[in-house]
Amino acid sequence: MTVTLIWLIAFAVILFLALRAWDGSLGKVVMRRIPAALQLGGDDRWVWSIALAVLGATFIVNPISMLLTLIILALFYWIAKRVGCWLMRRVKLH
């Protein structure tokens, strides 16, 4: 119960701060970083602020699990990139 309460409070605070900072630098940074296919075109601030709030609150409550997940995702990305480069060298494109 305590962890859930801490998560909800952290979520609310991060959501409030993200929505407040959206018109400033946060919105510009997010829109510059995400691909055009993921940009909704309308009011993206609610979708991306909620996503950032969920990630931030989870990171506050469970930082070790989040760090291990990020390390595993980075490792998978690195392996996929290396294998992709190796396969592209092996494939004859003529």
Side-chain angles (χ1 to χ4, degrees):
M1 179 72 176
T2 305
V3 173
T4 304
L5 185 62
I6 292 171
W7 190 91
L8 287 172
I9 291 170
F11 174 79
V13 168
I14 294 171
L15 180 63
F16 173 74
L17 292 174
L19 286 173
R20 198 166 142 207
W22 188 263
D23 292 329
S25 62
L26 180 64
K28 292 176 185 142
V29 168
V30 170
M31 287 300 131
R32 195 175 25 203
R33 294 283 180 190
I34 61 173
L38 293 178
Q39 293 181 5
L40 301 175
D43 195 17
D44 291 337
R45 68 187 281 161
W46 283 97
V47 174
W48 291 107
S49 294
I50 290 173
L52 289 172
V54 167
L55 288 173
T58 305
F59 191 76
I60 287 173
V61 170
N62 221 350
I64 301 300
S65 294
M66 287 291 288
L67 283 174
L68 290 176
T69 302
L70 289 175
I71 290 170
I72 289 173
L73 287 174
L75 186 63
F76 282 149
Y77 173 76
W78 181 75
I79 290 171
K81 185 176 175 184
R82 300 295 269 180
V83 169
C85 289
W86 179 75
L87 285 174
M88 291 303 288
R89 280 195 309 259
R90 303 283 293 169
V91 172
K92 300 199 187 247
L93 298 173
H94 48 59

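Numbers here are sequence positions counted from 1.
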Using the side chain to side chain contact (heavy atoms under 4.5 Å, CB included) rule, take Arg45 and Val30 through it: C-alpha gap first, then chi angles, then the decisive distance, then the call. CA-CA 9 Å; Arg45 68 187 281 161; Val30 170; over 6 Å; no
Atom pair CD1 (Ile14) and OG (Ser49), whose distance is rounded to the nearest 0.5 Å: 11.5 Å
Treating Ile, Leu, Val, Met, Phe, Trp and Tyr as nodes and any side-chain heavy-atom pair under 4.5 angstrom as an edge, say whether Val83 and Trp78 lie in one connected cluster. yes
Mind checking whether Leu8 and Leu15 sit in one hydrophobic cluster, side chains of I, L, V, M, F, W, Y counted as touching below 4.5 Å? yes
hydrophobic_cluster_shared for Val3 and Phe11, side chain cutoff 4.5 Å: yes
What distance separates Ile64 CD1 from Thr69 OG1, expressed to the nearest 0.5 Å? 11.0 Å
Are Ile79 and Trp86 connected in the hydrophobic side-chain network, where two residues link if heavy atoms are under 4.5 Å apart? yes
Is any side-chain heavy atom of Leu19 closer than 4.5 Å to a side-chain heavy atom of Trp46? yes
For side chain to side chain contact (heavy atoms under 4.5 Å, CB included), just list the numbers for Phe59 and Leu67, CA-CA rounded to whole Å, side-chain angles, deciding distance to a tenth of an Å, and then say yes or no. CA-CA 8 Å; Phe59 191 76; Leu67 283 174; 4.0 Å; yes
Can you hop from Val61 to Ile9 via hydrophobic side chains spaced under 4.5 Å? no
Can you check whether Asn62 reaches Trp7 side chain to side chain, under 4.5 Å on heavy atoms? no
How about Leu26 and Arg20: do any of their side-chain heavy atoms sit closer than 4.5 Å? no
